[in-house]
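Worksheet: one structure, shown below.
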Amino acid sequence: KPKAEQNGAKAAGEGGKTEEEEKEDKAAQSLLNKLIRSNLVNTTNQVEVLQRDPNSPLYSVKSFEELRLKPQLLQGVYAMGFNRPSKIQENALPMMLAEPPQNLIAQSQSGTGKTAAFVLAMLSHVDPSNRWPQCLCVSPTYELALQTGKVIEQMGQFYPEVKLVYAIRGNKLERGVKLQEQIVIGTPGTVLDWCQKLKFIDPKKIKVFVLDEADVMIATQGHQDQSIRIQRMLPKSCQMLLFSATFEESVWNFAKRIIPDPNIIKLKREEETLDTIKQYYVVCNSKEQKFQALCNIYGAITIAQAMIFCHTRKTAGWLAGELSREGHQVALLSGEMQVEQRAAVIDRFRNGKEKVLVTTNVCARGIDVEQVSVVINFDLPVDKDGNPDNETYLHRIGRTGRFGKRGLAINMVDSKFSMSILERIQEHFNKTIEELDTDDLDEIE
Ligand code: ADP
């Protein structure tokens with residue numbers, strides 16, 4: 001493990017996880033979202049814009065032409081299949097491309113076009129005839145940096161004079177070297193070393209500084225400190241941009257420390273509701289009975305695709321085995337899998353190659369599979385203190401207004417304890433969950 005990261009890791013915190021594990025979870029989730037996302041997330045929510053100078057006119061663009069991009073970049077944008085700016089890009093791009101450059105804090109969920117926006121800003125501000133680093137982008141992990149790098153390469157495919165280098169551990173350069181690439185993307189520790197100790201980069205020549213995935217970044221104190229130290233080396237004239245998928249108070253405090261005089265753009269995620277969902281519960285005595293009930297349900301109704309949630313890896317593995325023995329095509333998503341493997345499993349499921357996806361709570365948090373019509377809680381979601389995890393429940397079975405298709409949720413109850421969890425979930429949402437008799441399934445559908 002890199003030393004700086006070890007220093008950042010504190011004793012086990014909430015949920016028995018160290019700071020470092022917490023960060024890795026968040027980073028893995030963010031990466032997973034990137035890997036499975038093939039297009040923009042749609043939203044009907046309005047963007048909130050807070051301008052640094054409220055008297056200056058607010059520009060927004062409805063087309064990429066209006067931005068007067070370099071022709072090579074416009075070509076790159078179109079080659080990526082973008083027709084018009086995304087909601088957040090409509091406002092963010094004019095701010096980022098303005099003269100003089102403006103600072104920006106932007107927050108919106110994964111998949112709304114933040115990366116594409118700042119990549120376009122970096123590429124626009126580069127002077128390719130200058131052979132030194134001019135744009136600096138820091139990401140929390142190597143894998144996330146790599147994903148951003150890929151976007152730079154795609155968008156810059158008709159602008160080959162612009163070069164990119166990764167400031168990541170393992171990329172060892174000879175001492176005394178001066179980088180010639182115009183864009184540097186990397187993790188905070190290495191970027192700091194390259195600016196300060198090794199002097200591969202002259203921070204005074206940086207024109208655009210991007211801090212991506214701020215919410216993941218601040219999960220470790222070490223990364224927070226390193227990011228701030230990098231920022232302090234940059235000239236006053238440097239444009240500073242910060243992006244985050246979520247906006248807790250802690251992200252906000254960090255953002256204000258690191259981005260002077262910012263404009264702020266926020267796009268809330270669409271609220272999920274249980275209004276279009278039929279919710280049932282089934283009473284059983286053991287996991288074998290739960291499995292039997294599941295088989296009965298499968299025998300009685302046509303299920304296009306279902307997701308089944310279990311509490312532990314062990315149960316998930318067991319259930320996936322039993323289901324495939326019954327002849328179902330089952331995909332299993334499990335904690336020990338690499339992020340890329342998980343993305344591949346979700347992708348296959350999305351494309352209908354498997355009809356059932358069995359997963360543990362942790363694994364599936366934050367993934368959206370819109371076309372799933374049936375969600376089965378083989379185990380109800382509880383938090384580490386044994387209380388109902390209402391948020392997870394809602395996210396699993398809830399739908400956003402936009403994809404407001406009707407859905408079916410079935411909860412398996414196998415003890416007094418799980419029954420009480422169910423009752424509390426019911427109370428929390430003030431929505432009735434009806435009992436289902438799996439020996440007589442006429443009522444369902
Ligand atoms: P974020 O950084 O907010 O997660 P991305 O920039 O990665 O979002 O964009 C999410 C997905 O949408 C990517 O597949 C990207 O190629 C695509 N995308 C981004 N901007 C546009 C656009 N203006 N039109 C169409 N697709 C876009």
Side-chain angles (χ1 to χ4, degrees), residues 26-45 47-48 60-67 69 73-97 104-124 135 137-141 143-158 183 185 208 210-217 241-247 251 255 264-270 339-340 343 346-347 350-351 366-370 400 402:
K26 286 192 178 176
Q29 206 156 343
S30 178
L31 181 62
L32 185 60
N33 265 320
K34 279 183 202 285
L35 293 175
I36 61 178
R37 187 124 276 150
S38 52
N39 41 34
L40 276 172
V41 165
N42 279 315
T43 161
T44 50
N45 283 345
V47 207
E48 273 177 60
S60 84
V61 289
K62 293 286 176 199
S63 72
F64 284 110
E65 282 83 2
E66 288 171 70
L67 291 165
L69 298 167
L73 292 179
L74 191 61
Q75 206 182 347
V77 165
Y78 287 143
M80 289 178 83
F82 301 179
N83 296 319
R84 67 188 68 80
S86 72
K87 226 170 201 168
I88 196 138
Q89 290 165 1
E90 287 180 0
N91 293 293
L93 285 171
M95 275 178 188
M96 288 195 285
L97 301 178
L104 175 69
I105 297 174
Q107 177 269 322
S108 63
Q109 81 185 85
S110 166
T112 46
K114 298 184 296 298
T115 307
F118 72 70
V119 165
L120 193 54
M122 287 200 293
L123 285 168
S124 296
C135 301
C137 173
V138 291
S139 291
T141 65
E143 289 81 6
L144 289 166
L146 217 54
Q147 291 305 313
T148 305
K150 283 187 185 158
V151 180
I152 298 174
E153 268 159 24
Q154 264 187 305
M155 204 171 274
Q157 60 186 294
F158 302 103
I183 302 182
I185 165 158
V208 184
V210 178
L211 198 142
D212 194 19
E213 313 258 358
D215 45 352
V216 183
M217 201 73 97
L241 309 168
L242 177 142
F243 299 86
S244 175
T246 60
F247 234 28
V251 182
I264 298 161
I265 299 181
K266 286 189 208 183
L267 177 61
K268 292 222 171 68
R269 64 180 299 151
E270 210 135 327
V339 175
E340 286 78 7
I346 296 171
D347 232 24
R350 275 214 166 140
N351 295 327
I367 62 167
D368 307 297
V369 189
E370 288 106 16
T400 64
R402 207 185 157 81

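This is a predicted model, so every value here is computed, not measured. Counting convention: from 1, in listed order, for ligands and their atoms alike.
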Distance only, no hydrogens: is a donor on one side chain within 3.5 Å (strictly under) of an acceptor on the other, for [X] and [Y]?
{"X": "E213", "Y": "S30", "answer": "yes"}
{"X": "S63", "Y": "E66", "answer": "yes"}
{"X": "Q107", "Y": "S244", "answer": "no"}

Minimum-distance protein heavy atom relative to [atom]:
{"atom": "atom 8 (O) of ligand 1", "answer": "G113 N, 2.9 Å"}
{"atom": "atom 2 (O) of ligand 1", "answer": "T115 OG1, 2.5 Å"}
{"atom": "atom 27 (C) of ligand 1", "answer": "F82 CE2, 3.2 Å"}

Under a 4.0 angstrom heavy-atom cut-off, which atoms of ligand 1 come close to [X]?
{"X": "K114", "answer": "1 (P), 2 (O), 3 (O), 6 (O), 8 (O)"}
{"X": "R84", "answer": "22 (C), 23 (N), 24 (N)"}
{"X": "S86", "answer": "23 (N)"}
{"X": "N39", "answer": "11 (C), 12 (O)"}
{"X": "S110", "answer": "4 (O)"}

N/O to N/O below 3.5 Å, does that happen between [X] and ligand 1?
{"X": "G111", "result": "yes"}
{"X": "Q89", "result": "yes"}
{"X": "K34", "result": "no"}
{"X": "T112", "result": "yes"}
{"X": "A116", "result": "yes"}

Sub-4.0 Å protein heavy atom next to atom 13 (C) of ligand 1: no
Flag, side chain of K62 to backbone of R84, donor-acceptor distance under 3.5 Å: no
Side chain to side chain, L144 and D212, heavy atoms closer than 4.5 Å: no
S124 vs L69 side-chain heavy atoms within contact, under 4.5 Å: yes
side-chain hydrogen bond (donor to acceptor under 3.5 Å, both in side chains), paired with T43, selected from E270, Q109, R269: E270
F64 and Y78 aromatic ring geometry - parallel, tilted or perpendicular at 30°/60° bounds: perpendicular
Carboxylate-amine/guanidinium proximity below 4.0 Å for E48 and K268: yes
Contact check, F64 vs ligand 1, heavy-atom distance below 4.0 Å: yes
Atom pair OG/CZ of S139 and F243 - distance to nearest 0.5 Å: 11.5 Å
